[in-house]
2 protein chains.
Amino acid sequence: MSTSPSLERTSGDTRDRILDIALELFTVKGYEKTSLREIAERLGFSKAAIYYHFKSKEDILFALHMRLHAFGLGALDGPLSTNNSPTEWTAFLYQLIDQVLEHRALFILHERNRAALDALHNERHGAEHDDLEARLQAAFSDQKVKLEDRVRMASAFGAILGGLVLVGNVFADTSSDDLRAQFRMIVNDIMRTGA
Amino acid sequence: MSTSPSLERTSGDTRDRILDIALELFTVKGYEKTSLREIAERLGFSKAAIYYHFKSKEDILFALHMRLHAFGLGALDGPLSTNNSPTEWTAFLYQLIDQVLEHRALFILHERNRAALDALHNERHGAEHDDLEARLQAAFSDQKVKLEDRVRMASAFGAILGGLVLVGNVFADTSSDDLRAQFRMIVNDIMRTGA
DNA sequence: GTCTATATAGGGATAGAC
DNA sequence: GTCTATCCCTATATAGAC
């Protein structure tokens with residue numbers, strides 16, 4: 001299978017440039033407040049040209065969502081598949097740390113446009129992605145697991161997202177290796193799994 | 001001093017009802033995707049009536065922001081004022097837990113509309129609120145504090161927000177008292193302050 | 001693949017009656 | 001305090017030329 005992100009591929013090059021600019025603008029200004037005219041302007045061509053590459057504005061957002069889904073969350077499928085013990089959950093969170101560090105911009109986009117992305121998700125629920133977020137919610141809600149453990153799972157998850165995404169660009173001066181080590185330590189402290 | 005949230009008070013009653021509906025719709029649909037017509041419809045009157053109570057749509061969002069600012073974040077001023085040692089930071093986070101538990105809906109609104117709220121903030125930077133978020137960023141970025149401690153501060157902050165807000169309505173069946181106890185424990189584990 | 005021009009719709013906001 | 005009617009603007013999206 002090829003790597004076509006969501007729809008039939010056309011030019012490839014300018015398509016990706018559109019996505020890069022959209023990623024930036026959607027993140028700083030928000031999805032709705034960003035107009036296609038603005039994106040086009042930044043790329044040096046006109047608004048209508050975008051419609052050659054994407055059939056709608058929403059499709060641009062969807063493609064960005066799929067970027068994360070493809071090379072981001074795919075790696076998380078394994079660790080989350082089984083019923084989670086604390087050690088398995090820790091393994092999952094280790095992966096999450098790596099993914100966030102590698103695709104931070106995409107995570108920030110998602111964090112800052114949750115309403116728009118939820119709408120997307122509701123409209124296309126028949127589609128190919130069976131949703132990591134639902135699986136997370138299920139894990140946190142699983143009544144077979146005792147409350148303390150569920151809170152620890154959710155908190156450790158939140159510590160990573162909160163510390164690396166919610167909080168903005170603090171730690172920009174710190175290397176990914178250092179951050180990975182630090183956040184693994186935190187995860188261990190929360191999950192009370194040995195270092 | 002009276003309790004006027006942001007502008008001159010007029011009716012009070014319907015003003016608050018507008019805010020309640022707006023809080024709900026802004027949260028589930030997002031600020032931009034919610035129209036004033038929709039808010040008015042839910043209240044049984046017409047769009048124009050809203051303009052008697054608020055001078056603009058943005059002002060509704062601002063009033064909701066001020067709600068949190070007033071009876072939410074006011075309580076956090078004390079613990080954050082001094083230069084933070086781990087124990088002081090823990091005290092601050094204890095307060096934060098209480099605030100989130102008490103005003104969860106407002107926190108979720110903020111989490112789901114960060115772009116719109118940032119725009120608000122940029123436009124009104126001359127105004128009365130000298131911004132908790134900037135102080136947080138400053139604390140996390142303070143180069144006088146060693147990296148590990150800053151990561152712990154940010155992570156503990158993220159654990160609370162992530163575990164109670166980001167993650168949605170899991171734990172809705174759990175009492176606030178239980179949650180408070182659980183999250184205090186987590187904070188202690190992350191900050192390595194004694195139980 | 002990109003352009004100009006245009007169709008169409010919806011939203012925020014105001015005026016003025018009641 | 002709430003209404004109807006309207007203004008105005010911006011945005012997405014399409015048609016068709018180049």
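No experiment lies behind these values; they were computed from the predicted model shown. Atom set for the values below is all heavy atoms of this structure, side chains included, hydrogens, waters and symmetry mates excluded. A, B, ... follow the sequence lines: proteins, then strands. Residue 1 opens every chain.
- For the side-chain contact (heavy atoms from CB on, under 4.5 Å) test, residues two or more places apart in sequence or in another chain that qualify with B:Ser46 are B:Ala48.
- A continuous path of ILVMFWY side-chain contacts below 4.5 Å connects A:Ile39 to A:Phe45, so both sit in one hydrophobic cluster.
- Both A:Leu23 and A:Leu25 are assigned to one and the same hydrophobic cluster, defined by single-linkage of ILVMFWY side chains at heavy-atom distances under 4.5 Å.
- Residues B:Met185 and A:Met191 fall into different hydrophobic clusters, defined by Ile, Leu, Val, Met, Phe, Trp and Tyr side chains chained together at heavy-atom separations under 4.5 Å.
- Nearest to the side chain of A:Lys57, among D:dT2, D:dA13, C:dA13, sits D:dA13.
- Listed in residue order, the members of residues 33-46 of chain B having a heavy atom less than 4.0 Å from DNA chain D are B:Gly44, B:Phe45, B:Ser46.
- Hydrophobic cluster membership differs between B:Val28 and B:Leu61, with clusters built from Ile, Leu, Val, Met, Phe, Trp and Tyr side chains linked at under 4.5 angstrom.
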Donor-acceptor list for residues 107-117 of chain A side chains, cut-off 3.5 Å, not counting sequence neighbours:
unit_1: A:His110; atom_1: ND1; unit_2: A:Leu106; atom_2: O; d: 2.9
unit_1: A:His110; atom_1: NE2; unit_2: A:His65; atom_2: ND1; d: 2.9
unit_1: A:Glu111; atom_1: OE2; unit_2: B:Arg114; atom_2: NH1; d: 3.3
unit_1: A:Arg112; atom_1: NE; unit_2: A:Thr27; atom_2: O; d: 2.8
unit_1: A:Arg112; atom_1: NH1; unit_2: B:Asp118; atom_2: OD2; d: 2.9
unit_1: A:Arg112; atom_1: NH2; unit_2: B:Asp118; atom_2: OD2; d: 3.2
unit_1: A:Asn113; atom_1: OD1; unit_2: A:Tyr31; atom_2: N; d: 2.8
unit_1: A:Asn113; atom_1: ND2; unit_2: A:Phe26; atom_2: O; d: 3.1
unit_1: A:Asn113; atom_1: ND2; unit_2: A:Leu109; atom_2: O; d: 3.1
unit_1: A:Arg114; atom_1: NH1; unit_2: B:Glu111; atom_2: OE2; d: 3.3
unit_1: A:Arg114; atom_1: NH1; unit_2: B:Leu166; atom_2: O; d: 2.7
unit_1: A:Arg114; atom_1: NH2; unit_2: A:Glu133; atom_2: OE2; d: 3.1

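- With sequence neighbours excluded, the residues that form a salt bridge (charged side-chain N to carboxylate O under 4.0 Å, His left out) with B:Glu148 are B:Arg152, B:Arg192.
- Summarising the geometry, the separation between CD1 on A:Ile18 and C1' on C:dG1 is reported as 10 Å, rounded to the nearest angstrom.
- Side-chain contact annotation: B:Tyr94 with B:Asn188, donor-acceptor N/O pair under 3.5 Å present.
- We find that CD of B:Glu32 is positioned 12 Å from P of D:dT12, with the value rounded to whole Å.
- When the options B:Leu96, B:Asp98, B:Leu93 are evaluated for a side-chain contact (heavy atoms from CB on, under 4.5 Å) with B:Leu76, the one that passes is B:Leu96.
- Rounded to a whole Å, the CD atom of A:Glu58 is 18 Å from the P atom of D:dA11.
- Every residue meeting the side-chain contact (heavy atoms from CB on, under 4.5 Å) condition with B:Thr87, not counting sequence neighbours, appears here in chain and number order: B:Ser85, B:Thr193.
- The side-chain contact (heavy atoms from CB on, under 4.5 Å) search around B:Asn122 returns none, not counting sequence neighbours.
- Listed in residue order, the members of residues 21-29 of chain B having a heavy atom less than 4.0 Å from DNA chain D come to none.
- The side chain of B:His53 lies closest to D:dG1, out of D:dT12, D:dG1, C:dT2.
- Among residue pairs with one or both ends in residues 154-178 of chain B, those qualifying as salt bridge (Lys or Arg N to Asp or Glu O under 4.0 Å) are B:Asp177-B:Arg180; sequence neighbours excluded.
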Can you pull every protein N or O that's under 3.5 Å from an N or O on nucleotides 16-18 of chain D?
none

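- C:dG1 atom P lies 13 Å from atom CZ of A:Phe54, rounded to whole Å.
- B:Lys47 contributes a side-chain N or O that forms a donor-acceptor pair with the base of C:dG12 under 3.5 Å.
- Counting only residues at least two apart or on different chains, the salt bridge (Lys or Arg N to Asp or Glu O under 4.0 Å) pairs with a member in residues 18-28 of chain B are B:Asp20-B:Arg67, B:Glu24-B:Arg42.
- Contact annotation: A:Tyr51 reaches the phosphate of D:dA13 (side-chain N/O to OP1 or OP2, under 4.0 Å).
- Taking the screw axis at each terminus of the helix from C:dG1-D:dC18 to C:dC18-D:dG1 from five consecutive base pairs, the angle between the two is 10° to within rounding of 10 degrees.
- Protein atom CG of B:Asp59 is 13 Å distant from nucleotide atom C1' of C:dA13, rounded to whole Å.
- For B:Glu58, the salt bridge (charged side-chain N to carboxylate O under 4.0 Å, His left out) criterion is met by B:Arg124, not counting sequence neighbours.
- What separates CD1 of A:Ile50 from P of C:dG1 is a distance of 15 Å, to the nearest Å.
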